[in-house]
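What follows is a set of notes on a single structure, which appears directly below.
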Amino acid sequence: MAQESAKARISALLDENSFVEIGSMITARNTDFNMADAETPGDGVVTGYGVVDGHLVYVYSQDKTVLGGSIGEMHAKKIVKIYEMAMKVGAPVIGLIDCAGMRLQETTDALNAFGEIYAAQAKASGVIPQLTGIFGTCGGGLAVVNGLTDFTFMANDAKLFVNSPNAVDGNIESKLDTSSAEYQAEETGMVDYVGTEAEVLAAMRQLVTMIPANNEEDLSEGDVTDDLNRASASVETLENNAAYVLSQLSDNGVFVEMKKAFAKDMVVGFVRLAGRTVGAVANNHSKLSAMGCIKAADFVKFCDAFNIPVLSLTDVEGFATTLDDEKRMAKTVSKLTYAFASATVPKVNVVVGNALSSAYVAMNSKAIGADMVFAWPTAKIGIMEGKEAVRIMYATEIAAADDKIAEIDKLAAEYDAMKLSASSAAKRGYVDTIIEAVDTRKYVIGAFEMLYTKSVELPVKKHGTI
């Protein structure tokens, strides 16, 4: 059900009676092109602070009843002021978007206004979390404002675009609505969550309670409300449902999944382990796609920026083999590898299925810095399956004889046992401990308990370039 006003959305987002408005008397300064007599209360945006389940947040909510919620000089200054205050106290910023775009009457002032918001967001990135909820139109330069935030939530009937569908060469909206929530969630990966307005606001509240308020907040202490040694009897029987496995490992079944509709070969989100928030990255028993790499890499970078430990569940069968994937696969796998390798937070990997080819290496392997690696007894860790390996290693013999099927099968079985088993990887130190699937939760919790005081010194540099 749609809210009646910008303030109503804020009221629905925040704890009851907690909102304190800032800058309510500010109005537009421009008087050109029919603006002299225009009423611009708040200059089209409501700004202030309040709490979400007791957590301080700063919020701005655009008012489309004032010049369509368009952004001009004073509108932007109010948003920038909120960012400055949030940075000083270390609290998230939440933007509620419903905007007609740049205010045409203000021309270069409006362009500069966008730039000032961009600059504030860039400065805040990695220091405080930034969330965006889109409830109406978010187009043109405002889409960049959204892109500079960490998480995007979008109402079913909202619009998000740089160029409108009808402005895209060869396209019309009736053919493909590139601005729709469905397209932005499934195809571009810009949107983390889609739902009704009420569902979006509820999901934003839930995420705020899961993540730190800033990059220095200590989340090492949490309220334990679940059995730390609880067995997870059903996890080993599931394939193609990493989200369910993560929920079974998490305290009280809590798993907040992000970008659920995008790159479904990869699952990312937040779990609670012993009362603490942990970022989770898991393969969905499939090949690694280019978009899946981007999804996971961005998520790991967020976790590392805000000191959130990372748990990975590896079950990958190599790389996706489509033309679209191949166009960008090397670069995106590099980004995923770099994200895991450069992250200094505690990192735990559990090999729950196949871990084949260099796709396994990119998935938080011991080689690129995983602090602890566990594996289920049924895990397969290596370059490829035994039959494929034997056909390559004995290609000449196989080509010369058609009656060696039994021998090939025997060699393949030997290869699997010697080179592909969890025990063979453990003997070489690539797996620390082989664990039963039902015991995964207690081993992972124990590993993070041990790692919470982890400290790493990296080489001195401004930043990496990957």
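Along the sequence shown, residues are numbered consecutively beginning with 1. The basis for the numbers below is simple: all heavy atoms, side chains too, and nothing from hydrogens, waters or symmetry mates.
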Candidate pair Q130 and Y83, rule side-chain hydrogen bond (donor to acceptor under 3.5 Å, both in side chains), full reasoning: CA-CA 10 Å; Q130 302 176 60; Y83 267 93; 2.7 Å; yes

Donor on one side chain, acceptor on other, S286 and D265, under 3.5 Å: no

Straight-line distance of F255 CZ to M210 CE, nearest 0.5 Å: 9.0 Å

F340 CZ to S365 OG distance, which is reported to the nearest 0.5 Å: 9.5 Å

So for atom [atom1], which belongs to [X], do other residues, nucleotides or ligands contribute more than 12 heavy atoms lying within a distance under 6.0 Å?
X	atom1	answer
Y49	OH	no
N252	CG	yes
K81	NZ	no
E326	CD	no

Carboxylate-amine/guanidinium contact [X] [Y], below 4.0 Å:
X	Y	result
K260	D192	no
D177	K159	yes
D371	K454	yes
D63	R9	no

Main chain of [Y], side chain of [X]: is a donor-acceptor contact present, judged purely on distance under 3.5 Å?
X	Y	result
D98	F135	no
E199	T196	yes
K78	V45	yes

Minimal non-hydrogen separation, [X] against [Y], with atom names:
X	Y	value
Q62	A6	O-CB, 3.5 Å
K295	K259	NZ-O, 2.9 Å
V80	E116	CG2-O, 3.6 Å
V51	S18	N-OG, 3.3 Å
I82	G48	CD1-N, 3.6 Å

